[in-house]
Structures are given as structure tokens and as C-alpha cells.
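Read the structure below first, then the notes.
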Amino acid sequence: MSVDIPVAKQSSQPAVERPAQPAFGSDLPPWPQVDFSEFGEIETRALSRVQVLTAKYMARNWVTIPHVTHHDDADITDLELLRKAQNEAGVSTKLTLLPYLIKAVVGALQSFPQFNASLDGTGKNLVFKKYFHIGVAVDTRFGLLVPVLRDCDRKSIHELAAELQAITTKARDKGLSMAEMSGGSFTISSLGSFGGTAFTPIVNAPEVAILGVTRAQEKPRRGSGDAIEWRLALPLSLSYDHRVVNGADAARFTARLAGLLADPAAVEA
Ligand code: CAO
């Protein structure tokens, strides 16, 4: 059987010149200039230097990176039992969920190296990093700061907890130097102590993904003999750069992360 494929006819007319398209985003309308005092009482406060800088980087990352956020959750029932037992046994630094999460993230990054990578300046090469420097978003009076904990693969849960406490205190008391916020290969943004069920964190360029976590919640699960078991589920929200990471990669990454978090021995290893 033959199929007729239409062939474009050659035209004797010269090609029509099309006007050049404006660069994407360059023809946006200007920001509305509104005198809000016309409508009621107002108070104007200047943004902090950190807020002004963060706004610029957030806007750049949001506009230039095609974001997708993948949602999943992890059963942390056993991990929470272990964490509480370790705290009750007496520790020099109180253990929150975050150091365990950092260790589990490192495990998932080792399994899926494309998440511990960056596009180079040409956008044509992916640079895989052999180090695991994890940035942690910290809410401070100056605004959002992201200190970077270096070589997290080589540190214990206790070392990470102590370092996290020290750097968080420093960030909140005095702020951080650029060096302390540079060189990260992946970022975690934990809103767990505040609440929420899911959110869409913005990728921290030139990294290719960021993990958001929100408040762990008890969820029913069908157990043996159809019994209902209540398990503690940690919501995971993984935003990624869709130029580098596909949805299937993201689903595999969060499944691996959830598997590690469900197995405290694997996280502590
Ligand atoms: N679910 C339930 N409880 C959680 C939790 C979670 N996902 N995460 C933390 N908690 C608990 C802790 O375990 C601790 O409880 P206990 O006292 O019972 O042990 C309590 O909340 C307080 O935790 P914390 O906030 O002091 O410590 P942390 O290690 O969880 O977080 C830090 C530290 C610096 C990440 C956090 O304080 C912070 O600043 N988060 C804000 C990040 C942010 O602003 N992100 C948005 C950026 S925009 O993308």
C-alpha cells in the first residue's frame, strides 16, 4: 500500500519577511505603580538587603528554569521512634529530623547522580559533582539564608546536627558570609516545624533540584488481616529543572529517598 505524502510546493514568490519576535519576557507590561494611600491607611517598610538580593535570584530562577514539582511521601514511623529514643538517651545536640533527612538525601543523590549536578555556562554539558554539599534554607530576621554543609557523606548524624545548630544560630544572629552559602550541590527547604502539606520550592541555580518537606502526618495504612495501622508520613516536594531531569527520574529519586527514610539503619549507615 502506498501513502501519498503531501509535498510543499515551491513558491516563485520571495519569502515574506516576518518581524523579529521580542525576546521572551521583554514585552511584559511594567509593574503597576499604585498609590495605595488612595484606598486606605498604609505603612511602607524597606526590604532588607538580603530580601532584595533573594528577590532577584528567585525571579531569575523562576523565569529561566522550567520547574516541575513531584510530590510523594515517606514512612518515617520507625525513624521517628529511633530519633526520639536517641534524644531520650541523652545527646550533646538535640536531634531533629533534618540531619537524618540530609543523610537520606545524600544516599538518594549517590543513587541518582544527575540530581547532584549542574548545567555548565553553555547549557550543553552536565557537570556531575563527586562531593555532597547540602544547602539548608534557614528562616532568619534578615530573610531567607541558605548555609551549605560540606561533605555530608562523610559526617555522622550527630556531626550534622551539631553543625546545623551552629550554622543556623550564626545565620539568625549575625548572618552568613558568601563563602558559607556557596558551593552547594543540592538544597533542602524544611517547613516541617511550621506545618503545611506540600509546596513548590524554587530551584537554587545552578543546582538542578531542591527538596521541600512539610509537616509529617499520621496516615492510615492497610496492615495484615486488613487491620488499619497508623503510620507517620513525611510529605516530600521535589522541584526540578525539567531541562535536566525527567518526571520518571524524579519519581525514582523520591521513591529511593522514601525507601531510605523508611529504614533507619540505612539512613544511619
Ligand atoms: N514534621 C513534623 N515535625 C517536624 C518536622 C516535620 N517535617 N520537621 C521538624 N519537625 C519538628 C522537629 O523535629 C522539632 O520537634 P521536636 O522538638 O519534637 O523534636 C521541631 O519541629 C522544631 O524543629 P526546628 O525548626 O527547630 O528544627 P529543624 O531541624 O526541623 O529545622 C530549620 C531547622 C533551620 C530548617 C528551620 O528552623 C527553618 O528555618 N526552616 C525554614 C525554611 C524555609 O523558610 N524554607 C522556605 C524557603 S522558600 O523555598
Side-chain angles (χ1 to χ4, degrees), residues 48 50-51 53-62 65 67 69 71-91 93-105 134-149 152 155 157-173 175-176 180-181 184 186-205 207 209-219 230-240 254 257-258 261-262 264 267:
S48 71
V50 170
Q51 286 172 317
L53 263 179
T54 305
K56 286 186 184 170
Y57 288 120
M58 288 288 185
R60 178 200 61 189
N61 297 349
W62 184 249
I65 298 173
H67 277 75
T69 304
H71 300 284
D72 203 341
D73 56 31
D75 182 341
I76 56 164
T77 315
D78 297 336
L79 185 60
E80 271 300 276
L81 289 175
L82 173 82
R83 182 181 77 85
K84 285 188 176 141
Q86 287 180 329
N87 277 327
E88 279 161 21
V91 279
T93 308
K94 186 189 149 199
L95 300 171
T96 63
L97 195 56
L98 204 47
Y100 299 93
L101 192 58
I102 293 172
K103 283 304 257 191
V105 160
I134 307 296
V136 175
V138 178
D139 177 46
T140 78
R141 67 194 156 98
F142 311 108
L144 182 67
L145 295 178
V146 185
V148 174
L149 279 67
C152 294
K155 290 175 182 162
I157 298 282
H158 294 272
E159 286 170 321
L160 288 172
E163 198 176 324
L164 202 53
Q165 192 184 66
I167 200 78
T168 304
T169 305
K170 183 168 182 232
R172 289 189 171 138
D173 289 352
L176 298 170
E180 287 167 312
M181 295 188 282
F186 185 92
T187 298
I188 299 175
S189 178
S190 172
L191 294 175
S193 58
F194 303 96
T197 53
F199 70 114
T200 310
I202 297 179
V203 173
N204 190 11
E207 296 164 21
I210 177 169
L211 178 74
V213 296
T214 40
R215 168 76 49 86
Q217 292 171 38
E218 297 274 354
K219 281 193 176 174
W230 288 91
R231 309 290 296 179
L232 192 60
L234 179 69
L236 308 173
S237 301
L238 179 79
S239 290
Y240 56 89
T254 54
L257 180 59
L261 288 165
V267 175

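In each ligand, atom 1 is the first atom listed, and ligand 1 is the first ligand listed.
Interface atoms of ligand 1 facing Thr168, defined by a heavy-atom separation under 4.0 Å, are 34 (C). Counting the atoms of ligand 1 from 1 in the order shown, those under 4.0 Å from a heavy atom of Asp139 are 39 (O), 41 (C), 44 (O). Shown in contact with Arg83 at under 4.0 Å from a heavy atom are these atoms of ligand 1, numbered in order with element: 13 (O), 19 (O). Heavy-atom proximity to Leu234, at under 4.0 Å, picks out these atoms of ligand 1: 7 (N). Atoms of ligand 1 lying under 4.0 Å from any heavy atom of Ser190, numbered from 1 in the order shown and given with element: 40 (N), 41 (C), 42 (C). Taking every heavy atom of Leu191 and a limit of under 4.0 angstrom, the matching atoms of ligand 1 come to 43 (C), 44 (O), 45 (N), 46 (C). With ligand atoms numbered from 1 in the order given, ligand 1 contributes 1 (N), 2 (C), 3 (N), 4 (C), 5 (C), 6 (C), 7 (N), 8 (N) to contacts under 4.0 Å with heavy atoms of Gly192. Close approach of ligand 1 to Val138 is summarised as follows: ligand atoms under 4.0 Å from at least one heavy atom of the residue are 34 (C), 39 (O).
The shortest heavy-atom contact between Ser237 and His71 is OG-ND1, 3.1 Å. Contact detail for Leu261 and Ala74: the closest heavy-atom pair is CD1-CB, 3.8 Å. Nearest heavy atoms, Leu95 versus Arg83: O-NH1, 2.7 Å. Nearest heavy atoms, Lys103 versus Val267: CB-O, 3.6 Å. Scanning all heavy atoms of the two residues, the minimum distance from Val203 to Asn61 falls at O-ND2, 3.1 Å. Closest non-hydrogen pair, Leu149 versus Cys152, comes out as O-SG, 3.2 Å.
Atom 7 (N) of ligand 1 has Thr214 O, 3.0 Å as its closest protein atom, hydrogens excluded (heavy atom only). Considering only non-hydrogen protein atoms, atom 27 (O) of ligand 1 sits nearest to Thr96 CG2, 3.7 Å. Nearest protein heavy-atom neighbour of atom 33 (C) of ligand 1: Leu98 CD2, 3.9 Å. The closest protein non-hydrogen atom to atom 37 (O) of ligand 1 is Arg172 NH2, 3.0 Å. Ranking protein heavy atoms by distance to atom 21 (O) of ligand 1, first place goes to Ser193 CB, 3.2 Å. Considering only non-hydrogen protein atoms, atom 42 (C) of ligand 1 sits nearest to Ala137 O, 3.3 Å. Counting protein heavy atoms only, atom 16 (P) of ligand 1 is closest to Lys94 NZ, 3.3 Å. The closest protein non-hydrogen atom to atom 45 (N) of ligand 1 is Ser189 OG, 2.8 Å.
If you run side-chain contact (heavy atoms from CB on, under 4.5 Å) between Met58 and each of Leu53, Asn204, Leu144, only Leu144 comes through. For the side-chain contact (heavy atoms from CB on, under 4.5 Å) with Gln217, the qualifying choice from Asp73, Leu232, Thr197 is Thr197, the only one to do so.
A donor-acceptor contact shorter than 3.5 Å links the side chain of Arg172 to the backbone of Asp139. Looking at Arg215, its side chain does come within 3.5 Å of a backbone N or O of Ser193 through a donor-acceptor pair.
With a 4.5 Å cut-off on side-chain heavy atoms, Leu97 and Glu80 count as touching. Contact annotation: the side chain of Val136 never approaches that of Thr168 to less than 4.5 Å [non-hydrogen atoms, C-beta and beyond].
Residue-to-ligand polar distances keep Leu144 apart from ligand 1: every N/O pair is separated by 3.5 Å or more.
The option from Ala216, Ser239, Pro201 that lies nearest to atom 1 (N) of ligand 1, judged by heavy atoms, is Ala216.
Neither the backbone nor the side chain of Ile202 has a heavy atom within less than 4.0 Å of ligand 1.
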